[in-house]
Q: 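Have a look at this one.
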Amino acid sequence: GEGQEIPIRFTVPSVKERTPAEFILTCNRGGKELFRDVKPAYLIDADSAPKPSLKPGELAVLDPHGAVKARLNERGIAFTEIKQEDALSPAVKVVIVGPDALDVRSATDEKWKGVAARGGRVLVLDQANPLRFTAIPADLDVTAFNGRIAFAENPRHPVFQGLDQPDFFTWSGDRIVYRNVYRKASHGARSLAFCDKELGYTCLSECEVNDGLMILCQMAVGSKLATDPVAQRLFDNLLNYCVAHRPLR
């Protein structure tokens with residue numbers, strides 16, 4: 001009737017691409033195996049995504065908590081740090097809004113949609129105050145729903161390169177995968193990953209605005225960017241997708 005937690009430390013094999021594996025736990029006494037538990041696992045190289053092709057001044061980052069800046073510095077990707085009140089230079093091609101960087105007022109600011117309207121790309125990571133109303137071109141309603149299981153709607157989409165469906169189940173730490181997700185839009189946004197009640201909610205959406213793009217990511221990518229390999233690979237993919245995006249007409 002008792003339980004005990006025993007930390008287990010081991011070295012993860014080095015891989016170049018997502019590789020299936022097994023985590024095997026056995027208990028022995030007197031040279032005889034008394035217990036065996038086998039769980040499927042996947043090895044992910046968090047640094048296997050290609051680096052985006054960006055010129056100096058083309059990437060701007062609003063990241064008061066520092067997680068995005070640390071990841072970009074770790075990968076050697078140059079960026080310009082901006083503040084909430086800063087006007088964006090026309091030379092800026094991609095804007096990344098780091099986790100919980102927006103307050104209630106800035107979450108409705110039309111300037112975010114304006115960046116995309118002039119052909120820019122805006123990547124917004126998990127926010128306590130997600131973009132809404134006049135800040136986005138879609139009727140996405142914000143909820144307070146948090147959860148631990150999400151589903152990629154199209155696993156072959158470029159943002160999921162190097163990942164697969166099992167990777168969106170109970171992320172490390174508190175096991176949270178998404179928070180404050182949107183109810184799916186009826187227009188203006190395409191859901192890339194759905195979740196929650198009857199899968200009627202989206203934790204990752206893309207919105208095309210003229211020739212520009214907005215990516216609204218309520219998966220816990222930003223808050224787990226320093227520790228979770230799935231969050232790291234998904235962030236790298238999202239940035240690459242923003243840089244390479246070309247509108248289809």
Q: Does the side chain of Leu131 reach to within under 4.5 Å of the side chain of Ser106, using non-hydrogen atoms?
A: no
Q: Are Pro13 and Leu43 side-chain neighbours, meaning at least one heavy-atom pair lies under 4.5 Å?
A: yes
Q: Could you check whether any side-chain heavy atom of Glu206 comes within less than 4.5 Å of a side-chain heavy atom of Val159, counting everything from C-beta outward?
A: no
Q: Which heavy-atom pair separates Asn240 from Pro50 by the least distance, and what is that distance?
A: ND2-O, 2.8 Å
Q: Could you tell me whether Tyr178 and Tyr201 have their ring centroids closer than 6.0 angstrom?
A: no
Q: Looking only at side chains, do Arg183 and Thr143 share a donor and an acceptor under 3.5 Å apart?
A: no
Q: Return the set of residues passing ring pair (Phe, Tyr, Trp, His ring centres under 6.0 Å) with Phe168 (not counting sequence neighbours), or none when no residue passes.
A: Phe160
Q: So, Thr26 and Glu33: side-chain donor and acceptor under 3.5 Å apart, yes or no?
A: no
Q: With sequence neighbours left out, write down each residue that passes ring pair (Phe, Tyr, Trp, His ring centres under 6.0 Å) with Phe169, or none if nothing qualifies.
A: none
Q: Evaluate the side-chain proximity of Phe79 to Ile96: yes if any heavy-atom separation is below 4.5 Å, no if none is.
A: no
Q: Just wondering, do Asp174 and Lys224 contact through their side chains at under 4.5 Å, heavy atoms?
A: yes
Q: Measure across Thr202 and Leu192 and return the closest heavy-atom pair with its distance rounded to 0.1 Å.
A: OG1-N, 4.4 Å
Q: Are Phe194 and Val181 packed together at the side-chain level, in the sense that at least one heavy-atom pair is separated by less than 4.5 angstrom?
A: no
